[in-house]
There are 2 protein chains.
Amino acid sequence: MNEPIIRPLLGDCREVLRTLDDESIDLIVTSPPYADQRKNTYGGIHPDDYVAWFLPIAAELQRVLKPTGTFILNIKERVVKGERHTYVLELILAMRRQGWLWTEEFIWHKKNSYPGKWPNRFRDAWERLLQFNKQRQFHMYQEAVMVPMGDWARKRLKNLSDTDKIRDESRAGSGFGKRVANWVGREKVYPTNVLHMATETRNRNHSAAFPEALPAWFIKLFTQEGDWVLDPFMGSGTTLRAAYRLRRNAIGIDIMETYYEQVKASLKDLQTPQLSLFEAQEAYEPPRPE
Amino acid sequence: MNEPIIRPLLGDCREVLRTLDDESIDLIVTSPPYADQRKNTYGGIHPDDYVAWFLPIAAELQRVLKPTGTFILNIKERVVKGERHTYVLELILAMRRQGWLWTEEFIWHKKNSYPGKWPNRFRDAWERLLQFNKQRQFHMYQEAVMVPMGDWARKRLKNLSDTDKIRDESRAGSGFGKRVANWVGREKVYPTNVLHMATETRNRNHSAAFPEALPAWFIKLFTQEGDWVLDPFMGSGTTLRAAYRLRRNAIGIDIMETYYEQVKASLKDLQTPQLSLFEAQEAYEPPRPE
DNA sequence: GTTCCGCATGAATCGATAG
DNA sequence: ACTATCGATTCATGCGGAA
């Protein structure tokens, strides 16, 4: 099989998206700048303007997505004047009027959430992963994300080796973790719509601590090798790296040149594997023979 | 301190609520019948009619709640024609127009979600716990729900005994579980807005999907001893039992006489403790000297 | 007293069948 | 065509009986 095509693009996604072909993308996974966050990109959208800002982009995404494709939107409303703002709810309603189907809402449980203390709320440890589709029938490869489970938890309490412990850490509902490869041959079950994953604290370059295992999970679930993945808010390129490792083609767009250059550099590193990258790679799939 | 007053009431909450005094309740915790569910109660509300059905009730709840009080609403939208229905989103927007503040959304991660397999979705393992308030300043006693953690969570990885394993199972982010008593004296941290709890599938006397630890957690967080708790959809009385064990006064309303009689009977059991009840009590607080 | 194993039980969802 | 009912699918949990 050929090397996947990974194509980072520089520019405002509202314009760059227009250059993409109709119905050419199998999966869109993205984490757009949250309202009033990342003011250096897209000018820090005010919560009250968020829906109006995002809808034209959603329309373009609808155009480039294949009928059988899926759009995964990672988002969370921020607190404004002591309340959760409603722009995410309104966005869902507006996108449905635009023609999207709101198929599902996954929960990303951030096991290591941002620390802090407030008098009237606890730490926010979850984000929404909204699944939108163009039609009821879409491609989904559930077997690709199955996790070992069953009554395993009870039976194995006695002899608990180190590897088993690590298995348990990563088990927790969705099967992320470092030793997935060790589970081959065990009894597997399907995951749920709650994903347990830690944020990546290592990457301090990128403001959004989007762990690579997150796009990787959806890429495995909704695409096959050779399919096309799109991230219109590429950032540091997490989605693109996940796509490359899983042998999917990918397009990423970002408005900031620093991100664009950074992603290009990291992709070169990927094609010349180094130790640090090799460690990260283990998290998803064992190295494949070429 | 006196025995708490626990008052189950029989009738349609749309009428019974009118008999309660203005601003007399410190906390409302309830899990209303979901759309198209529980057809024996309130006739199984159609998803499209859900907001219109609930809004008048929400108005009465707003009237009886103290200005510093909190309303916790447990709800989850069902799938209709392959999509998540939007009535919960619309309900939040409508309640805000009614004057409620949408302060927070907690996630209840149901560790034992309903099984099943479908071509285009996974099992649903979470529900919403919507927090509404009348004003930005409300009573919140965060220390009452602190969870033992600290670096103990890391040490546990090395020497993992069976008991530690069980502790870990129940710890999982929010400190529910049966071994809370064992944690006395450990370093404590505040929980997050993600609650990990199993549904109570087979409770001997009462089959309640709503685990008692759930209302108990919010009762500890938002009330003090002697405060008043209200559950307008009492069901099998889970909220009332939790309130009694935590020495809060409580009012519960249900439209079905069988539930009403069942709750009255279970409350009598509570006041004459038996072994099984004593075990359950341990989950929340150690027995108190009278 | 423990631990272990078998079993019933869910705020589910889809697709097919029937009115 | 649109709604109502039914069977098939699936798994974490806790109980009870057994070793």
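Chain letters run A, B, ... following the sequence lines, proteins first and then strands; every chain starts at 1.
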Rounding to an integer number of Å, can you tell me how far [X] [atom1] sits from [N] [atom2]?
| X | N | atom1 | atom2 | result |
| --- | --- | --- | --- | --- |
| B:Lys111 | C:dA12 | NZ | C1' | 20 Å |
| B:Arg121 | D:dT10 | CZ | P | 17 Å |
| B:Arg123 | C:dA12 | CZ | P | 13 Å |
| A:Lys188 | D:dC11 | NZ | P | 13 Å |
| B:Met197 | C:dG10 | CE | C1' | 15 Å |
| A:Met140 | C:dT13 | CE | P | 13 Å |
| B:Glu200 | D:dT13 | CD | C1' | 11 Å |
| B:Asp124 | D:dT9 | CG | C1' | 16 Å |

Closest listed nucleotide, where the reference is the side chain of [X] and the choices are [options]:
| X | options | answer |
| --- | --- | --- |
| B:Pro115 | D:dC11, D:dA12, C:dA12 | D:dC11 |
| B:Ala198 | C:dA11, C:dT13, D:dT13 | D:dT13 |
| B:Trp118 | C:dT13, C:dA11, D:dC11 | C:dT13 |
| B:Pro119 | C:dA11, D:dT13, C:dC14 | C:dC14 |

Would you please name every residue forming a salt bridge (Lys or Arg N to Asp or Glu O under 4.0 Å) with B:Lys117, sequence neighbours left out?
none
Can you classify the ring geometry of [X] versus [Y] as parallel (below 30°), tilted (30 to 60°) or perpendicular (above 60°)?
| X | Y | result |
| --- | --- | --- |
| B:Phe122 | A:Trp217 | tilted |
| A:Trp126 | B:Trp126 | tilted |
| B:Phe71 | B:Trp100 | tilted |
| B:Tyr87 | B:Tyr50 | tilted |

Given a 3.5 Å cut-off on both pairing distances, which stems involving DNA chain C, each at least three consecutive Watson-Crick or G-U pairs, are present, if any?
C:2-10 with D:11-19, C:12-19 with D:2-9
Which heavy atom of [X] sits nearest a heavy atom of [Y], and at what distance?
| X | Y | answer |
| --- | --- | --- |
| B:Tyr260 | B:Pro8 | CE1-O, 3.4 Å |
| B:Ile57 | B:Arg14 | CG1-CG, 3.5 Å |
| A:Gly99 | A:Gln62 | C-NE2, 3.4 Å |
| B:Val88 | B:Lys76 | CG2-C, 4.3 Å |

Using a 4.0 Å heavy-atom cut-off across all strands, classify B:Arg128 as base, sugar-phosphate, or nothing.
nothing
Going by heavy atoms closer than 4.0 Å, what residues in residues 71-84 of chain B are next to DNA chain C?
B:Arg78, B:Val79, B:Gly82, B:Arg84
Does A:Arg136 place a side-chain N or O at less than 4.0 Å from the phosphate oxygens OP1/OP2 of C:dT13?
no
Any ion pair linking A:Arg84 and A:Asp124 (charged N to carboxylate O, less than 4.0 Å)?
yes
Under the 3.5 Å rule, do the base of C:dA11 and the side chain of B:Ser31 count as making a donor-acceptor pair?
yes
Base orientation of C:dA11, chi within 90° of 0 counted as syn, else anti, reads syn
